[in-house]
Amino acid sequence: MNPETRYAQSGDVNIAYQVNGDGPFDVVFIPGTTSHVELAWEVPFLRTLFERIGSFARLIHFDKRGTGMSDAADAGTPLEVRMDDVRAVMDAVGSQRAAVFGVSEGAPMSILFAASHPDRTWALVLQGGEARTLWAHDYPWGMPEAEYRAALDAIAARPDDPERREQRARSASTNASEGEIAALANYFRNGASPGARLALARMNMSIDVRGVLSAIRVPTLVLHHSEDPWTPVEAGRFLARQIPGATYVELPGKLHIPSVADSGRYLDEVQGFLERAWEARTDGEREPDRVLATVLFTDIVGASERAATLGDRGWRDLLEQHHELVRRQLMRYRGTEVDTAGDGFFASFDGPARAIRCACAISESMGDLGLNIRAGLHTGECELVDGKVAGIAVHTGARVASEAKPSEVLVSSTVKDLVAGSGIEFQDRGMAQLKGIPGEWHLYAVRGAAP
């Protein structure tokens, strides 16, 4: 019998999930663009995969918000919100730490989760994934933007095209039987509504997690087929080069989703890696000493002049009101106050979109006090010292803030790249040399960040 479908509450969204197996460790499976936790069992390869993992581990798999049996939410939500869904499912089943297994479009979210939540992740498996979708001068195997937009137009013009679904199934699994093709096409059809599929495709166009790959500190396996028709093999090789200590396995074949006939070595590689990684753990549940975080720095524009005008007592009263407003927004957007010095705040967040919205809310709230602030944000790998973030990423965030104009929220390109699907808009501020930080940095000013 197939496992029972249950629901985990993530904010106001219900996330459908299933659990099978009862092995000594947990594996969280993050599917591609769309999924359906119940119809997955009708796809022979997915059944084989789930049963194999369930034979040596406890497998947790789910439908992302807006897809499958999960609530019909905005499918184009940013990766950090989707990470909340992963934590909600893990909490619902009592999973403290898990190996995260991301396939295809599920890979970027898995990467971000492993880097942002090393306390919840002990291993990472990526198959058929990529760090970025579009072509760039330093990412030449990405898809040209014009070609991607043409594909979006084709989806919009024929949103529920049975012939296209079958073609996609055949291109993904070239050695599959007719029965496997039919099951896979049905899985695609029921994985999301036409509108949700289009929203997801639009969001995926902007994904770029290259800046966080070096922050992954858990054992990682990258699997990629040598002639993958959906994701160029160069994308898999790039992931393996950029993730510290990653194991890369290139499987033969022109396929993205294996058929049952193709799955033997694939399954062996996944099981062997996970069992070895589990056995090799030496630090038990030791708290991680590094984490991916978004840091925010703010300060008041013209603070010295205002203090001189108000006098000591008046300035102290104004600062207390300023601090109260800042802390109110930090609480609203789940920020952590790290330090306060004079009129400046330093805070950290586990999601860049929340950090941007918090900075904008702080800036807007200052109008009530007749104040202007400037704010700067950066996302990077931080050291954890007595539970607080530190290191070069923190210094970078502070330098970004020093480049901001009055009433401006300025971010590094890493922050911008991680908020795909958030609806946040930016204005290019060009390249800058940040004092004491090597290299040139591309900076962007926030131009729209609705709550």
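Rounded to the nearest 0.5 angstrom, His36 NE2 and Asp63 CG are separated by 6.5 Å. Within the model, atoms CG of Asp262 and CD1 of Ile257 stand 11.5 Å from one another, a figure rounded to the nearest 0.5 Å. We find the CG-OG distance between Leu46 and Ser263 to be 10.5 Å, quoted to the nearest 0.5 Å. Within the model, atoms CZ of Arg447 and CD1 of Ile424 stand 13.5 Å from one another, a figure rounded to the nearest 0.5 Å.
Side-chain contact between His256 and Ser104: present, with at least one pair of heavy atoms (C-beta onward) separated by less than 4.5 Å. Phe29 places a side-chain heavy atom less than 4.5 Å from the side chain of Val103. No side-chain heavy atom of Arg357 sits under 4.5 Å from any side-chain heavy atom of Arg332. Counting heavy atoms from C-beta on, the side chains of Thr67 and Leu200 come closer than 4.5 Å. Residues Ser95 and Arg58 are in side-chain contact: their nearest non-hydrogen atoms beyond the backbone lie under 4.5 Å apart.
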>> I'd like to know whether Ser173 forms a side chain to side chain contact (heavy atoms under 4.5 Å, CB included) with Leu255, so could you lay out the CA-CA distance, the side-chain angles of the two residues, the decisive distance to 0.1 Å, and finally the verdict.
In response: CA-CA 5 Å; Ser173 194; Leu255 62 152; 5.5 Å; no
> What do the steps show when you test Arg165 against Asp160 for side chain to side chain contact (heavy atoms under 4.5 Å, CB included), and what is the final call?
Replying inline: CA-CA 8 Å; Arg165 279 197 305 275; Asp160 190 28; 2.6 Å; yes
> Would Leu221 and Leu126 satisfy side chain to side chain contact (heavy atoms under 4.5 Å, CB included), going step by step from the backbone distance to the final call?
Replying inline: CA-CA 6 Å; Leu221 170 66; Leu126 305 170; over 6 Å; no
>> One pair to check against side chain to side chain contact (heavy atoms under 4.5 Å, CB included): Phe345 and Ile362. What are the steps and the verdict?
In response: CA-CA 11 Å; Phe345 263 80; Ile362 291 171; over 6 Å; no
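Val260 and Phe45 make their closest contact through CG2-N, 3.7 Å (heavy atoms, listed as atom of the first residue, atom of the second, distance). Leu112 approaches Leu292 most closely through the heavy-atom pair CD1-CD2, 3.6 Å. Phe188 approaches Thr34 most closely through the heavy-atom pair O-OG1, 4.2 Å. When all heavy atoms of Leu443 and Val400 are compared, the closest pair comes out as CD2-CG2, 4.1 Å. The two residues Ile60 and Val89 come nearest to each other via the heavy atoms CG2-CG1, 3.5 Å. Ala172 and Trp230 make their closest contact through CB-CZ2, 3.4 Å (heavy atoms, listed as atom of the first residue, atom of the second, distance).
Here Arg429 does not pair with Glu403 in a salt bridge; the nearest charged N to carboxylate O distance is not below 4.0 Å. One finds a salt bridge joining Arg82 and Glu105 here, because a Lys/Arg side-chain nitrogen approaches an Asp/Glu carboxylate oxygen to under 4.0 Å. Taking the charged nitrogens against the carboxylate oxygens, Arg265 and Asp268 have no contact shorter than 4.0 Å, which rules out a salt bridge. Between Asp350 and Arg334 there is a salt bridge, since at least one side-chain N of the basic residue sits less than 4.0 Å from a carboxylate O of the acidic one. Taking 4.0 Å as the cut-off between side-chain N and carboxylate O, Asp84 and Arg65 do not count as a salt-bridged pair. The existence of a salt bridge linking Arg170 and Glu178 is confirmed by a sub-4.0 Å separation between a basic side-chain nitrogen and an acidic carboxylate oxygen.
Ring geometry for Tyr444 versus His442: interplanar angle under 30°, hence parallel rather than tilted (30 to 60°). Relative ring orientation between Phe50 and Trp41 is described as perpendicular, the plane-to-plane angle rising above 60° on a 0-90° scale split at 30° and 60°. The aromatic rings of Phe56 and Phe25 are tilted relative to each other, their planes meeting at an angle between 30° and 60°.
Without hydrogens or angle criteria, Tyr17 side chain to Met90 main chain gives no donor-acceptor distance under 3.5 Å. Between the side chain of Thr174 and the main chain of Lys254, a donor-acceptor pair closer than 3.5 Å is present. Within the 3.5 Å criterion, the main-chain N or O of Ala182 finds no donor-acceptor partner in the side chain of Asn186. At least one donor-acceptor pair closer than 3.5 Å links the side chain of Tyr148 to the backbone N or O of Ala201. With hydrogens and angles disregarded, no donor-acceptor distance shorter than 3.5 Å links the side chain of Ser10 to the backbone of Val13. Judged purely by atom type and a 3.5 angstrom limit, Thr379 has no side-chain atom pairing as donor or acceptor with the backbone of Thr414. Judged by distance alone, with hydrogens and angles left aside, the side-chain atoms of Lys416 form no donor-acceptor pair with the main-chain N or O of Ala445 at under 3.5 Å. Panel note: side chain Asp26, backbone Val28; no donor-acceptor pair is recorded below 3.5 Å. Here the side chain of Ser70 pairs no donor or acceptor atom with the backbone of Gly66 at under 3.5 angstrom. With hydrogens and angles ignored, the 3.5 Å screen pairs no side-chain donor or acceptor of Trp122 with any backbone N or O of Asp119.
Heavy-atom neighbours of Asp12 CG from other residues, nucleotides or ligands within 6.0 Å: at or below the threshold of 12. Residue Arg241 places its CZ atom among more than 12 non-hydrogen atoms of other residues, nucleotides or ligands, all under 6.0 Å distant.
Counted by atom type alone, Gln242 and Arg210 present zero donor-acceptor pairs between their side chains at under 3.5 Å.
The side-chain hydrogen bond (donor to acceptor under 3.5 Å, both in side chains) contacts involving residues 218-227 comprise nothing, where partners must be two or more places apart or lie in separate chains.
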